[in-house]
Amino acid sequence: QVQLVESGGGLVQAGGSLKLSCAASGSLLSTNMGWYRQAPGNEREMVAVILVSGTTTYADSVKGRFTISRDNAKNTVYLQMNSLKPEDTAVYYCNAVKWGVEYWGKGTLVTVSS
């Protein structure tokens with residue numbers, strides 16, 4: 001069982017930055033991690049994924065602006081978000097896949113004002 005707690009969301013002006021954190025209850029050594037988001041009226045979409053190997057994948061809409069990273073010693077995954085746009089407004093969810101089992105956090109709201 002893995003429990004995930006997101007933090008770092010909030011209100012920011014367009015062009016600003018935020019850093020999200022996802023703290024896991026256990027070791028992340030065998031866990032692929034990701035950030036997803038869901039805007040009102042939209043389906044949940046992948047934002048960024050970081051594998052156990054460190055390989056990263058980003059949605060086209062955030063490439064060059066967002067960076068996912070992990071600190072296995074702290075059981076924490078981060079999402080650095082720069083040059084934020086109003087269309088980045090959404091609830092951001094942390095995701096973990098460990099030994100084929102998927103876990104989700106409760107989400108943190110990011111609001112970008114124009």
Side-chain angles (χ1 to χ4, degrees):
Q1 188 80 7
V2 176
Q3 293 182 328
L4 305 172
V5 179
E6 303 98 334
S7 62
L11 175 64
V12 64
Q13 289 188 333
S17 298
L18 281 176
K19 186 173 184 177
L20 305 183
S21 299
C22 172
S25 59
S27 172
L28 297 181
L29 290 179
S30 301
T31 309
N32 294 324
M33 301 295 299
W35 286 96
Y36 290 70
R37 68 186 181 186
Q38 187 168 17
N42 290 357
E43 294 186 353
R44 192 172 297 187
E45 63 177 0
M46 185 275 288
V47 176
V49 170
I50 183 165
L51 303 182
V52 171
S53 64
T55 300
T56 57
T57 302
Y58 296 92
D60 287 344
S61 58
V62 307
K63 281 181 182 177
R65 300 189 298 121
F66 291 11
T67 302
I68 188 171
S69 61
R70 61 192 296 160
D71 186 336
N72 291 335
K74 295 182 178 180
N75 298 331
T76 302
V77 175
Y78 305 97
L79 185 68
Q80 177 66 48
M81 305 186 294
N82 299 328
S83 302
L84 283 161
K85 305 175 181 180
E87 51 264 43
D88 294 319
T89 295
V91 177
Y92 284 71
Y93 296 91
C94 183
N95 172 271
V97 180
K98 187 169 188 176
W99 300 326
V101 180
E102 193 170 38
Y103 302 91
W104 292 94
K106 293 183 178 181
T108 184
L109 177 63
V110 172
T111 304
V112 184
S113 63
S114 57

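For the numbers below, each heavy atom of this structure counts, side chains included, while hydrogens, waters and symmetry mates do not.
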Next item on the list: Please list, chain by chain and in numerical order, all residues satisfying ring-ring contact (aromatic ring centres under 6.0 Å, His included) with Tyr36, sequence neighbours excluded.
Entry: Trp104
Next item on the list: Determine the sole option in Leu18, Leu84, Leu11 for which the side chain to side chain contact (heavy atoms under 4.5 Å, CB included) test with Val112 is passed.
Entry: Leu84
Next item on the list: Check the surroundings of atom CD in Gln3: do more than 12 heavy atoms from other residues, nucleotides or ligands lie under 6.0 Å from it?
Entry: no
Next item on the list: List, by chain and number, the other hydrophobic cluster members for Trp99, where Ile, Leu, Val, Met, Phe, Trp and Tyr join if side-chain heavy atoms come within less than 4.5 Å, directly or indirectly.
Entry: none
Item checked: Set of side-chain hydrogen bond (donor to acceptor under 3.5 Å, both in side chains) partners for Thr57, sequence neighbours left out -> none
Item checked: Audit row: Tyr93, Lys106, side chain to side chain contact (heavy atoms under 4.5 Å, CB included) steps and yes/no -> CA-CA 7 Å; Tyr93 296 91; Lys106 293 183 178 181; 5.9 Å; no
Notebook entry, point to check: Which value, rounded to the nearest 0.5 Å, describes the distance between Leu29 atom CG and Arg70 atom CZ?
Noted result: 8.0 Å
Next item on the list: Apply the test side chain to side chain contact (heavy atoms under 4.5 Å, CB included) to residues Thr111 and Val12: give CA-CA distance (whole Å), side-chain angles for both, the deciding distance (0.1 Å), then the verdict.
Entry: CA-CA 6 Å; Thr111 304; Val12 64; over 6 Å; no
Checklist line | cation_pi(Lys19, Tyr78) dist<6.0 Å, angle<=45 | finding: yes
Next item on the list: State whether the side chain of Tyr58 and the backbone N or O of Ile68 hold a donor-acceptor pair below 3.5 Å, judged by distance alone.
Entry: yes
Check: Can you tell if the side chain of Val77 reaches within under 4.5 Å of the side chain of Leu28, non-hydrogen atoms only?
Finding: yes
Next item on the list: Measure the shortest side-chain to side-chain distance between Asn82 and Phe66 over non-hydrogen atoms and say whether it is less than 4.5 angstrom.
Entry: no
Margin query: Filter on disulfide bond (SG atoms under 2.5 Å apart), then keep only pairs touching residues 49-114, sequence neighbours left out; what's left?
Written below: Cys22-Cys94
Item checked: Any donor-acceptor N/O pair, Asp71 side chain to Thr76 backbone, under 3.5 Å -> no
Next item on the list: May I have the step-by-step check of salt bridge (Lys or Arg N to Asp or Glu O under 4.0 Å) for Asp60 and Lys63, ending in yes or no?
Entry: CA-CA 5 Å; Asp60 287 344; Lys63 281 181 182 177; 3.1 Å; yes
Check: So which pairs with a foot in residues 26-57 pass disulfide bond (SG atoms under 2.5 Å apart), sequence neighbours left out?
Finding: none
Check: Hey, does Met46 have a side-chain heavy atom less than 4.5 Å from the side chain of Arg37?
Finding: no
Notebook entry, point to check: In Å, rounded to the nearest 0.5 Å, how long is the span from CE of Met81 to CH2 of Trp35?
Noted result: 8.0 Å
Margin query: Does anything in residues 53-85 form a disulfide bond (SG atoms under 2.5 Å apart)? List the pairs, not counting sequence neighbours.
Written below: none
